[in-house]
Asker: 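I have a structure here, written as structure tokens, and I will follow up with some questions on it.
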Amino acid sequence: MNLTHAEEGKEYVVSRIDTDDEELDAFLFSLGCYSGEPVTVIAHRKHGCVIAVKDGRYNIDTQLAQAIIIEG
């Protein structure tokens, strides 16, 4: 399951990042979004969602949300 299907307010664990783009991997890693890290969807928006990772909140687009595979 990816972040676009996540329930708002529930904490999930990032299983993997499903992308071939090394820059995108590096960007997500700099945010603290990598395998084994907890992530919470704060709100779903029309063109993406708001997530909480570590001590930050980020607004990410749908394409990026679909690349973050979660379990939980």
Asker: Run the side-chain contact (heavy atoms from CB on, under 4.5 Å) test on H47 and D61 for me, step by step, so that the C-alpha distance in whole Å, both residues' side-chain angles and the decisive distance to 0.1 Å come before the verdict.
Answerer: CA-CA 6 Å; H47 299 287; D61 66 9; 5.8 Å; no

Asker: Looking at CD of E7 and OH of Y12, how far apart are the two atoms once the value is rounded to the nearest 0.5 Å?
Answerer: 5.0 Å

Asker: Going only through I, L, V, M, F, W and Y residues with side-chain contacts under 4.5 Å, is there a path from L24 to F29?
Answerer: no

Asker: With sequence neighbours excluded, what pairs up with S35 under the side-chain hydrogen bond (donor to acceptor under 3.5 Å, both in side chains) test?
Answerer: none

Asker: Using 0.5 Å steps for rounding, measure from the CD1 atom of I17 to the CG atom of D25.
Answerer: 7.0 Å

Asker: Give the minimum heavy-atom separation between K54 and G32, together with the two atoms involved.
Answerer: CE-CA, 4.0 Å

Asker: Are E11 and V39 side-chain neighbours, meaning at least one heavy-atom pair lies under 4.5 Å?
Answerer: no

Asker: Might you point out which heavy atoms bring T40 and G9 nearest each other, and give the distance in Å?
Answerer: CG2-C, 3.8 Å

Asker: Are the side chains of L28 and L64 in touch, meaning some heavy atoms are under 4.5 Å apart?
Answerer: yes

Asker: Of all the heavy-atom pairs spanning G72 and K10, show the shortest one and how long it is.
Answerer: O-NZ, 3.4 Å

Asker: Look up atom CD1 in I68 and atom CD1 in I51, then write down how far apart they are to the nearest 0.5 Å.
Answerer: 5.0 Å

Asker: When you compare the side chain of L31 with that of V53, does any pair of heavy atoms fall below 4.5 Å?
Answerer: no

Asker: Considering residues at least two apart in sequence or located in another chain, which fulfil the side-chain hydrogen bond (donor to acceptor under 3.5 Å, both in side chains) criterion with N2?
Answerer: T4

Asker: When rounded to the nearest 0.5 angstrom, what is the spacing between CD1 in I42 and CZ in R57?
Answerer: 4.5 Å

Asker: Answer yes or no: does atom CD of E8 have more than 12 heavy-atom neighbours from other residues, nucleotides or ligands under 6.0 Å?
Answerer: yes

Asker: Quick check on the hydrophobic clustering: are Y58 and V14 connected, directly or via other members, by side-chain heavy-atom contacts under 4.5 Å?
Answerer: yes

Asker: Kindly work out whether a path of hydrophobic side-chain contacts (I/L/V/M/F/W/Y, heavy atoms less than 4.5 Å apart) joins L3 to V50.
Answerer: no

Asker: Listed by chain and number, what are the ring-ring contact (aromatic ring centres under 6.0 Å, His included) partners of F27, not counting sequence neighbours?
Answerer: none

Asker: Kindly give the heavy-atom pair with the smallest separation between A65 and C49, and that separation in Å.
Answerer: CB-SG, 4.0 Å

Asker: Supply the atom-to-atom distance T62 OG1 to K46 NZ, rounded to the nearest 0.5 angstrom.
Answerer: 11.0 Å

Asker: Could you state the interatomic distance from CD (E37) to CD1 (I70), rounded to the nearest 0.5 Å?
Answerer: 14.0 Å

Asker: I'd like to know if the side chain of H44 reaches the main chain of A6, judged simply by a donor and an acceptor atom lying under 3.5 Å from each other, with no hydrogens or angles considered.
Answerer: yes

Asker: For atom CG of D18, is the number of surrounding heavy atoms from other residues, nucleotides or ligands below 6.0 Å larger than 12?
Answerer: yes

